[in-house]
Number of protein chains: 2
Amino acid sequence: MKKKKVPSLVKDERLIKTRREQIVKAAVELFNRKGYHGTTTREVAQASGFSIGTLYEYIGSKEDILYLVCDAVYDEVVEKWERLVDKNLVGLERLHQVIQSYFRVVDDLQDEVLVMYQESKALSGEALNYVLQKELSMKVMFEKEIRSCIEKGLITIDEEEISLACHNILVAGHMWTFRRWIIQKEYDIEAYCDLQIAQLFRGFQIKDHSFQPARSNINSEGR
Amino acid sequence: MKKKKVPSLVKDERLIKTRREQIVKAAVELFNRKGYHGTTTREVAQASGFSIGTLYEYIGSKEDILYLVCDAVYDEVVEKWERLVDKNLVGLERLHQVIQSYFRVVDDLQDEVLVMYQESKALSGEALNYVLQKELSMKVMFEKEIRSCIEKGLITIDEEEISLACHNILVAGHMWTFRRWIIQKEYDIEAYCDLQIAQLFRGFQIKDHSFQPARSNINSEGR
DNA sequence: GGTGGTTGATCGAACGCTCGCTCAGTTCCC
DNA sequence: GGGAACTGAGCGAGCGTTCGATCAACCACC
């Protein structure tokens with residue numbers, strides 16, 4: 001018995017993963033359009049391409065869907081974000097590009113980001129904390145970049161303003177998706193990004209006089 | 001027949017108003033805590049102090065409650081706001097104080113503001129547009145103040161940045177309520193207000209060199 | 001002052017419906 | 001032919017909403 005396929009006691013792990021990805025994908029679109037509470041499990045099932053019964057083979061409850069969505073979305077955002085950041089950059093150029101990448105990912109994954117920020121509050125207990133923690137960790141990423149610039153002597157900024165600056169970046173991204181009918185009519189993402197970063201950088205006393213935040217151009221690798 | 005009381009064909013208007021205020025007050029608290037979809041009409045009735053049957057004497061549907069809430073909240077915010085603004089101020093001091101007043105009202109009416117921003121999207125059609133229009137008009141108030149300062153030659157700011165600046169103020173207020181569990185741990189409202197205004201004003205080229213945005217102190221009339 | 005009638009405010013059981021979720025049965029594929 | 005994958009009718013709970021019953025206040029009339 002060399003390769004006797006073990007009759008798995010559990011269901012095929014890969015299938016579970018695939019099915020859950022289908023569910024998440026359908027759910028993101030629905031939650032984005034109708035909200036978590038406004039979406040029924042039947043709708044999720046139908047949009048995923050199977051019956052309500054099958055849906056419940058892969059999830060335990062409706063809230064599980066939201067949890068899967070938030071979890072996946074966060075990972076997707078962070079992963080895409082990290083892929084966009086140019087590892088060769090240092091100093092202010094790097095800080096600039098990290099923020100720029102964040103805005104671009106937010107624009108690229110609008111539906112996902114909106115759900116992550118808006119619907120996660122419907123989660124309860126553990127799951128809610130878990131997701132909010134993930135959100136916080138994005139803020140920490142910005143904080144690290146800013147502190148790195150401070151340590152290198154590139155900028156000066158009041159200690160109490162660091163955290164607020166990071167909040168403002170996060171929220172600026174969130175708002176791009178949240179009230180799109182207002183902002184997105186006036187700006188495209190690159191203009192929005194440039195203006196927000198310019199505003200943010202005015203809060204830094206910049207010591208590196210050679211630094212000039214370049215206007216955005218489409219030089220990032222494709223999405 | 002001097003004072004013959006006319007048997008009113010319609011219900012007592014004043015009673016309707018009072019009852020609706022009761023309903024709105026209870027609903028704000030519930031919507032804030034559990035969201036619109038997460039709140040039942042029975043809960044609203046009980047929290048308002050009467051039965052489900054009576055509730056429906058004063059509203060037409062559940063969505064009516066949300067509409068009443070959004071409408072009332074907006075008016076309350078604007079009214080309190082206008083009362084806080086010192087009419088004697090002009091120029092940059094006035095702009096500064098208008099923004100400061102906005103933050104103070106937002107802090108004072110946290111629950112209401114959060115519901116206004118977060119739950120209004122559950123409205124449909126006309127009602128949604130109506131509320132969004134009211135929201136937009138708050139932004140316009142800031143815009144007017146900024147343009148007034150520009151016309152007076154007090155500040156210079158890129159035309160395309162004006163709208164974004166106003167938008168950022170609104171969002172900063174929203175953020176104060178939306179992520180209160182994290183932000184309000186780090187700052188009190190006055191510190192938050194000072195820092196946000198400082199950040200905003202860095203975006204203006206200030207021509208009036210005598211202007212020094214005073215640190216907040218509790219000099220406004222009591223709430 | 002007592003009485004019967006009218007009115008408007010309030011109540012809560014009940015209705016019809018939709019929801020999240022289950023499970024006995026079917027289909028599909030190795 | 002056996003088990004994994006899938007189905008959808010059906011369940012009970014809970015939802016928004018309705019409506020006939022109840023109650024207190026008031027008025028006209030004797």
Side-chain angles (χ1 to χ4, degrees), chain A residues 1-24 26-27 30-31 33-69 119 122-124 127, chain B residues 1-24 26-27 30-31 33-69 119 122-124 127:
Chain A
M1 45 144 84
K2 303 162 96 162
K3 262 259 167 115
K4 178 77 169 298
K5 233 195 2 204
V6 182
S8 60
L9 296 176
V10 291
K11 293 177 156 209
D12 184 347
E13 289 290 342
R14 248 175 337 195
L15 182 64
I16 294 183
K17 197 158 165 266
T18 315
R19 289 284 178 270
R20 285 190 172 163
E21 280 166 4
Q22 285 177 267
I23 294 170
V24 165
L30 286 164
F31 290 174
R33 189 153 45 83
K34 319 176 60 170
Y36 171 71
H37 287 295
T39 304
T40 68
T41 51
R42 267 170 256 261
E43 287 173 318
V44 175
Q46 197 186 2
S48 317
F50 23 70
S51 71
I52 179 68
T54 305
L55 181 77
Y56 273 89
E57 290 290 319
Y58 300 101
I59 60 156
S61 69
K62 188 187 179 189
E63 195 180 314
D64 276 5
I65 305 177
L66 182 58
Y67 176 76
L68 285 173
V69 164
E119 305 298 332
L123 288 170
S124 58
Chain B
M1 48 141 88
K2 306 164 95 162
K3 263 258 166 117
K4 179 81 170 297
K5 238 206 341 221
V6 181
S8 62
L9 296 174
V10 292
K11 292 177 156 207
D12 184 350
E13 290 290 343
R14 248 178 334 195
L15 182 64
I16 293 184
K17 196 158 167 265
T18 315
R19 289 283 177 268
R20 283 190 173 163
E21 279 166 5
Q22 285 178 267
I23 293 170
V24 165
L30 285 165
F31 290 174
R33 189 152 47 83
K34 319 176 61 171
Y36 171 70
H37 288 295
T39 304
T40 68
T41 50
R42 268 170 257 262
E43 286 172 320
V44 175
Q46 196 186 2
S48 317
F50 22 71
S51 72
I52 181 68
T54 305
L55 181 78
Y56 273 88
E57 289 291 319
Y58 299 101
I59 60 159
S61 69
K62 189 186 176 187
E63 195 180 315
D64 276 3
I65 305 177
L66 183 57
Y67 176 75
L68 286 173
V69 163
E119 305 299 332
L123 288 169
S124 58

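Chain letters run A, B, ... following the sequence lines, proteins first and then strands; every chain starts at 1.
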message: Keeping B:Y36 on the side-chain end and B:E63 on the backbone end, is there a donor-acceptor pair under 3.5 Å?
response: yes
Rounded to whole angstroms, how far apart are [atom1] on [X] and [atom2] on [N]?
X: A:Y56; N: D:dC6; atom1: OH; atom2: P; value: 17 Å
X: A:R20; N: D:dA5; atom1: CZ; atom2: P; value: 13 Å
X: B:I23; N: D:dT17; atom1: CD1; atom2: P; value: 13 Å
X: A:R14; N: D:dA4; atom1: CZ; atom2: P; value: 16 Å
X: B:Q22; N: C:dA9; atom1: CD; atom2: C1'; value: 13 Å
X: B:I59; N: C:dA9; atom1: CD1; atom2: C1'; value: 16 Å
X: A:H37; N: D:dC15; atom1: NE2; atom2: C1'; value: 14 Å
X: A:I65; N: C:dG20; atom1: CD1; atom2: P; value: 8 Å

query: Pick the nucleotide of DNA chain C nearest each of B:L15 and A:K62; which residue has the one closer to the 5' end?
result: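 First, find each residue's nearest nucleotide; the 5'-ward one identifies B:L15.
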query: For B:Y36 and A:F50, take the nucleotide of DNA chain D holding the closest heavy atom to each; which residue's nucleotide lies nearer the 5' end?
result: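 Looking at the nearest nucleotide for each, A:F50 comes out on the 5' side.
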Which nucleotide sits closest to the side chain of [X]: [options]?
X: B:T41; options: C:dT10, D:dG16, C:dC21; answer: D:dG16
X: B:E57; options: C:dG20, C:dC11, D:dC15; answer: C:dC11
X: A:R19; options: D:dG8, D:dC6, C:dT10; answer: D:dC6
X: A:I52; options: D:dC6, D:dG16, D:dA9; answer: D:dA9

message: What I want to check is whether an N or O donor and acceptor connect the side chain of B:R42 with the base of D:dG14 at under 3.5 Å.
response: no
Do [X] and [Y] touch side chain to side chain, with heavy atoms closer than 4.5 Å?
X: A:K17; Y: A:E21; value: yes
X: A:L68; Y: A:I59; value: yes
X: A:D64; Y: A:Y58; value: no

query: Just to confirm, is there a sub-4.0 Å distance from OP1 or OP2 of C:dT10 to any side-chain nitrogen or oxygen of B:Y58?
result: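 The answer is yes; a side-chain N or O of B:Y58 sits under 4.0 Å from OP1 or OP2.
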query: Counting just side-chain N and O atoms, does B:S51 come under 4.0 Å of either OP1 or OP2 of C:dC11?
result: yes
- prompt: If you measure from the Lys or Arg side-chain nitrogens to the Asp or Glu carboxylate oxygens, is any gap between B:K34 and B:E43 under 4.0 Å?
  reply: yes
message: Mind checking if B:T40 touches a base, just sugar-phosphate, or nothing, with heavy atoms under 4.0 Å?
response: sugar-phosphate
